[in-house]
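Comments concern the structure below.
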Amino acid sequence: MKIFASLARGSLVAYTALFFAFIYIPLVLIAVYSFNANPINMMTWSGFTTDWYAQVLGYKTAITGDAFYVESTDQLVQAVFNSLKIAASTTLIATVFGTSIAIALYHFDFFGRRFYRVVLFMPMLMPDIVLGIALLIFFVNSGINLGLKTIIIGQCTFLTSYVFIVVSARLSGMDRTLEHASADLGANEWTTFRKVVFPQLLPGILGGALLAFIISMDDLVITYFIAGVDVTTLPMFIFAMLRRGIKPEINAIAVMMLSFSFVIASLGLYLRSRQK
Amino acid sequence: MLTITARRRAQLAILLGPASLFLAVFFLGPLAIMIVTSFLAPGLYGGVEWTWYPHNYGRILGFADPMFEEFDPVYIAIFLRSLKIAALTVVATLLVCYPAAFCISRLSDRWKSFCLFLITLPFFASLIVRLFVWVLLLRQTGLVNNVLLQTGIIDRPVDLIYTEGAIILGMVYVFIPFMFMPVYASVEKLDWTLVRASLDLGAGPIRTFLRIILPLTAPGIAGGAVIVFIPALGNFVVPAILGGAKVMMLGNLIEQQFLAARNWPFGSALAMMVMSVMLVLLFSYVVVSSRRGLDAAPGR
Amino acid sequence: MRESIVRMEKAAKTFATPEGQTITALGGIDLDVRRNEFLTLLGPSGCGKTTLLQAISGFVELDSGRILIDGEDMTDRPPYRRPVNTVFQNYALFPHMSVGENTGYALEVAGIGRQDRARRVAEALRMVGLEGLEGRKPRQLSGGQQQRVALARAIIARPKLLLLDEPLSALDKNLRQAMQIELKTLQHELGISFIFVTHDQQEALTMSDRVAVLSGGRIQQLDTPRAIYDKPRNSFVATFVGASNLFEGEAAAGRLVTTDGIAISHGEQGSTGAATALIRPEQFFLADPGQAGPILDVDLEQIVFVGSTFELFGRTATGRRVIAEIPAMRRGLVGEIEQSRRARLSYDPSAVHLIPAEAA
């Protein structure tokens with residue numbers, strides 16, 4: 001019986017190890033092979049090189065015409081720049097909207113509050129593509145030119161929900177009697193908000209903003225439909241490259257993006273764990 | 001001076017006004033227009049004609065417009081395939097996550113939070129990059145084929161990518177956090193003394209699993225299943241990258257209608273099909289979980 | 001009569017439950033709290049005591065009636081403009097502020113300068129025995145220390161009235177008893193009125209100048225602790241405060257006869273008609289053989305030793321339950337009755353209190 005139990009436990013541990021291997025080994029492999037010199041068979045090792053990174057970053061032009069696949073570093077830089085611009089604006093707007101809705105729904109009881117909550121959960125559950133085409137039809141019908149502006153508006157509709165949910169979670173974990181205590185000690189509503197509610201809410205707001213920023217940077221589907229012809233974001237740029245063919249430069253870009261988001265996410269999660 | 005109620009009303013208006021206006025115009029508005037569009041006739045050169053035209057749905061469900069086209073079962077086939085792939089994705093994701101959730105829930109707090117960190121981390125990385133990784137592994141000159149060729153298991157490359165299997169694999173890979181978190185939440189809450197009690201009362205491990213562990217963790221499984229199934233059903237990126245032109249799902253079909261065929265009403269009707277499946281699922285989830293909640297309440 | 005600091009007139013409040021019923025939390029309460037008095041609101045949960053407290057602090061708006069504090073009408077004033085401070089049940093210390101910041105919050109909000117504030121914070125913390133802990137965060141303190149910070153924070157602005165909402169319920173028994181004495185001392189030092197809410201009758205009797213027993217949104221009795229215990233006005237008060245033996249029946253001069261034929265002698269000559277006689281368990285004695293005077297014979301079901309006393313649980317011949325408390329020094333006698341399983345209980349008729357049948 002004891003052998004049976006430890007056998008079960010052992011296989012469970014082995015399974016979990018496999019589970020993490022499944023998640024991380026592919027990521028490790030592409031990081032390793034992004035230094036592979038073989039330009040045709042990217043997964044057949046033929047020597048170490050940093051050429052692909054150099055080319056992506058514009059330090060070196062391609063050796064052969066065939067390998068020259070990042071049309072130009074300028075385009076990549078422009079896409080990154082667009083993504084950052086969009087993410088910064090949407091994060092700001094969605095954080096203000098999401099936070100104010102969360103506070104309003106927490107503090108006030110009004111007619112239609114439950115309906116409001118349902119509406120806010122909808123964009124998180126809806127498949128992206130549905131929202132994407134709905135926005136496309138709407139913008140085209142109302143004669144708004146597709147571009148940066150429409151991407152920002154479109155992303156804000158669902159990012160507001162993400163911020164709302166993160167801030168609401170923080171609010172519901174807060175002790176309501178603290179506000180009573182503050183009022184009891186002579187602070188009016190505004191002072192209570194400034195000195196008691198807001199400082200405790202701040203980590204939630206920052207968390208929501210970080211999440212909104214990351215999702216905005218990564219959004220492909222909705223942006224894809226409402227971007228129009230002139231604006232390209234980073235995910236759209238990679239998607240377009242992938243559709244044309246797989247080249248080693250994509251590998252290098254992918255690894256840089258992975259490292260960047262892992263560093264940011266680790267930092268965010270680390271800060272959050274320290275807060276507790 | 002304002003009365004307390006009037007002041008509260010003003011505060012509420014300031015807090016809620018701008019955001020509500022924004023969401024009404026740019027979220028509910030587009031959805032309403034999409035619903036309307038799905039009942040309009042497609043124009044000849046893209047665009048729409050403002051006439052009642054239920055045949056967009058007819059093309060999918062079998063009552064096509066007799067004037068222009070014959071009913072083609074290809075759309076219902078794509079719809080059913082999408083349902084199948086989404087369902088298989090749910091099952092596969094659950095099989096991957098459930099045992100791991102058990103193992104992790106028994107670890108010490110330090111290791112637990114480290115494992116949860118490792119599981120959430122990929123969620124923050126670019127979706128498209130994570131899918132690209134599988135292209136490199138699965139394609140004809142990919143790593144898996146290379147290894148199989150070198151070890152002599154196969155003598156020429158096999159088709160791994162651009163199959164339903166590849167799509168399911170890719171979906172499982174990106175949806176792991178969606179399934180893991182709700183399942184883990186209910187596994188973590190599981191009271192192990194109940195399991196011991198069941199074993200003590202003479203039930204074997206399998207019976208204990210079926211009668212105690214499974215029912216108690218069912219809410220997490222149901223929650224995870226819903227939030228994996230819905231985005232999987234309407235997914236567009238995964239089949240676009242790992243399914244290619246060979247395996248088409250609803251998401252690709254919708255994209256095609258909008259960006260290539262320029263038949264927006266038909267595309268909207270397809271999107272409405274996805275939405276209705278989602279609403280049916282969510283509604284039944286809410287009904288079932290609230291009924292369970294009532295049953296569990298004491299004194300009823 | 002001393003001047004009153006708080007006056008409540010016909011204060012009424014009802015709540016709607018989610019199931020659609022209405023609950024009367026305050027059923028038209030009239031209450032005067034005297035200056036410099038320690039008043040306790042005692043009652044089971046849901047009796048309206050917390051609502052009453054929150055009506056004074058301003059967190060509950062009355063449906064009707066009014067509240068005066070020091071002669072000023074407070075009914076429509078928000079909580080932050082009332083000269084009242086509260087010690088909350090869970091302390092409600094601001095987790096993101098230090099002990100010093102918590103304590104000085106009322107002064108900071110009132111716009112009092114930093115130096116003045118620091119001096120008064122130090123003084124308030126000294127009063128509660130926490131000098132020098134200004135820099136700590138609330139979570140670094142023990143439960144008892146957090147309790148003291150909450151107290152210091154509530155008294156620093158010199159309120160006219162301090163409200164305490166079951167502040168001791170989270171502390172363990174020893175700490176609780178120490179705090180009871182400290183609170184009483186503090187109240188004398190400060191010279192302000194305390195209104196203290198509790199469901200613990202022992203606590204209420206120990207600390208209060210007066211106790212208001214609440215039930216169903218009404219004050220059942222407002223009196224000194226002794227009067228509440230010895231002369232409860234109705235059977236709710238009699239059973240809620242202390243253990244009791246109640247005998248309902250018809251009272252005549254010096255005697256009350258129950259429907260099952262038990263006669264109880266009492267000293268209240270004037271009372272006649274339907275009434276209930278109250279005998280506290282500790283007023284029973286074990287009768288010496290052949291003793292004259294009123295006697296109650298019981299069959300014993302259980303004898304429980306609780307340290308200072310034995311508790312006897314018995315039944316009369318007609319099946320009525322009786323509880324008696326016998327001092328532990330009478331061990332010898334208890335040994336005898338343990339053998340016989342029967343006891344003869346005597347009592348002093350002048351210690352029997354008659355509760356007239358309620359008019360309602």
Side-chain angles (χ1 to χ4, degrees), chain A residues 12-13 15-16 19-20 22-24 26-27 29-30 33 41-44 97 100-101 103-104 108 110 119 123 125-131 133-138 141 153-154 156-157 160 214 217-218 220-221 225 235 238-239 242-243 246 250-251 254 257-258 261-262 264-266 269 273, chain B residues 8 12 15-16 18-19 22-23 26-31 33-34 37 96 99-100 102-104 113 117-122 124-130 132-137 139 141-143 146 176 227 230-231 233-237 241 251 254-255 258 264 267-268 271 274-275 278 282:
Chain A
L12 205 59
V13 171
Y15 189 93
T16 306
F19 171 77
F20 282 111
F22 174 60
I23 299 178
Y24 281 97
L27 300 179
L29 282 175
I30 109 158
Y33 279 91
N41 280 335
M42 288 160 59
M43 297 316 260
T44 309
F97 281 172
S100 56
I101 296 173
I103 292 172
F108 298 92
F110 55 90
V119 168
L125 288 165
M126 247 163 50
D128 301 350
I129 196 162
V130 177
L131 187 55
I133 63 159
L135 285 164
L136 173 65
I137 301 173
F138 174 82
N141 277 328
I153 292 173
C156 282
T157 57
T160 299
I214 287 170
M217 286 293 288
D218 191 35
L220 171 65
V221 180
F225 282 96
I238 300 171
F239 187 59
L242 273 180
R243 280 196 154 182
I246 314 283
I250 311 182
N251 223 338
M257 284 175 68
L258 278 178
S261 37
F262 280 3
I264 295 282
S266 311
L269 292 173
S273 71
Chain B
R8 285 179 74 84
L12 183 62
L15 276 176
L16 221 46
F22 180 86
L23 290 178
F26 294 112
F27 178 64
L28 296 179
L31 287 183
I33 291 181
M34 183 189 77
T37 306
V96 168
F102 269 94
C103 186
I104 292 169
S113 50
F117 167 76
L118 283 184
I119 290 164
T120 30
L121 192 58
F124 294 98
S126 166
L127 172 78
I128 192 158
V129 166
R130 282 183 287 151
F132 165 69
V133 173
W134 284 100
V135 175
L136 289 185
L137 296 180
R139 67 194 187 132
T141 58
L143 193 72
N146 281 357
I176 280 178
I227 59 172
I230 293 170
L233 180 68
N235 207 294
F236 151 65
V237 185
I241 293 176
I254 295 173
E255 186 223 357
F258 271 84
W264 290 14
S268 302
V274 177
M275 283 287 275
M278 166 190 140
L282 282 182

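A, B, ... follow the sequence lines: proteins, then strands. Residue 1 opens every chain. Excluded from the calculations below are hydrogen atoms, water molecules and symmetry mates; all remaining heavy atoms, backbone and side chain alike, are included.
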Hey, what do you get for CD1 (A/I250) to CZ (B/F132), rounding to the nearest 0.5 Å?
-> 5.0 Å
Please assess B/L282 against A/L125 for the test side chain to side chain contact (heavy atoms under 4.5 Å, CB included), listing each intermediate value before the final yes or no.
-> CA-CA 9 Å; B/L282 282 182; A/L125 288 165; 3.7 Å; yes
Taking every non-hydrogen atom, the tightest pair across A/A134 and B/P30 | O-CB, 3.5 Å
Most chain B-contacting option - heavy-atom pairs closer than 4.5 Å, from A/C156, A/A265, A/A104, A/P26 = A/P26
A/N251 versus chain B, heavy atoms under 4.5 Å apart: side chain, backbone, both or neither?
-> both
What residue in B/L16, B/V135, B/I254 has the most heavy-atom pairs under 4.5 Å with chain A?
-> B/L16
Considering only heavy atoms, which portion of B/T37 lies under 4.5 Å from any heavy atom of chain A: side chain, backbone, both, or neither?
-> side chain
Please tell me if the side chains of A/T16 and B/F102 come closer than 4.5 Å, counting only heavy atoms from C-beta onward.
-> no
Heavy-atom pair count under 4.5 Å with chain B, highest-scoring of A/I103, A/V119, A/I264, A/L131 = A/V119
Let me know if A/L12 has heavy atoms under 4.5 Å from chain B in its side chain, its backbone, both or neither.
-> both
Between A/F138 and B/G29, the two heavy atoms sitting closest are CD1-C, 4.4 Å
Do A/P123 and B/F27 touch side chain to side chain, with heavy atoms closer than 4.5 Å?
-> yes
Member of B/L31, B/V274, B/I230 meeting the side chain to side chain contact (heavy atoms under 4.5 Å, CB included) criterion with A/M126 | B/L31
Region of A/Y15 in contact with chain B, defined by heavy-atom distances below 4.5 Å | side chain
Distance (rounded to the nearest 0.5 Å) between B/L127 CG and A/I238 CD1 | 11.0 Å
Under 4.5 Å from any heavy atom of chain A - which part of B/F22 = side chain
Chain A: which of B/L137, B/I33, B/V129, B/I241 shares the most heavy-atom pairs with it under 4.5 Å?
-> B/V129
Evaluate the side-chain proximity of A/I101 to B/L15: yes if any heavy-atom separation is below 4.5 Å, no if none is.
-> no
Given a strict heavy-atom distance threshold of 4.5 Å, which part of A/F22 is in contact with chain B: side chain, backbone, both, or neither?
-> both
Which bit of A/F262 comes within less than 4.5 Å of chain B, counting heavy atoms only: side chain, backbone, both or neither?
-> both
Residue pair B/L118 / A/I23, side-chain heavy-atom distance below 4.5 Å | no
Yes or no on side chain to side chain contact (heavy atoms under 4.5 Å, CB included) for B/V133 and A/L29, after CA distance, side-chain angles and deciding distance?
-> CA-CA 8 Å; B/V133 173; A/L29 282 175; over 6 Å; no
Over all heavy atoms of both residues, which pair between B/A125 and A/S261 is shortest? Give the atoms and the distance, please.
-> CA-OG, 3.5 Å
Any idea which of B/I104, B/L28, B/L121, B/T120 has the most non-hydrogen atom pairs under 4.5 angstrom with chain A?
-> B/L121
Please state whether the side chain, the backbone, both or neither of A/I214 comes within less than 4.5 Å of a heavy atom of chain B.
-> side chain
Between A/V130 and B/M278, is any pair of side-chain heavy atoms under 4.5 Å apart?
-> no
Is there side-chain contact between B/F124 and A/S266, with heavy atoms separated by less than 4.5 Å?
-> no
Top contributor to chain B contacts, counting heavy-atom pairs under 4.5 Å, from A/L258, A/V221, A/L242 = A/L242
Structural part of A/I153 lying under 4.5 Å from a heavy atom of chain B = both
For A/Y24 and B/P122, the nearest pair of non-hydrogen atoms, with its separation, is OH-CD, 3.5 Å
Nearest atoms (heavy-atom pairs only) where A/I137 meets B/F258 = CG1-CE2, 3.7 Å
If every non-hydrogen atom of A/P235 is compared with every non-hydrogen atom of B/I128, which pair is closest and at what distance?
-> O-CD1, 3.7 Å
When heavy-atom pairs shorter than 4.5 Å are enumerated against chain A, which of B/S126, B/A271, B/G234, B/P231 gives the highest number?
-> B/S126
Side chain from CB out, backbone as N, CA, C, O: work out which of these in B/L233 comes under 4.5 Å of a heavy atom of chain A, or both, or neither.
-> neither
Check whether any side-chain heavy atom of B/W264 lies under 4.5 Å from a side-chain heavy atom of A/I133, and answer yes or no.
-> no
Measure B/V96 against the heavy atoms of chain A and call it side chain, backbone, both or neither at under 4.5 Å.
-> both
Contact leader toward chain B among A/T160, A/D128, A/L27, where contacts are heavy-atom pairs under 4.5 Å = A/L27
Min side-chain heavy-atom separation B/L23-A/F97 under 4.5 Å = no
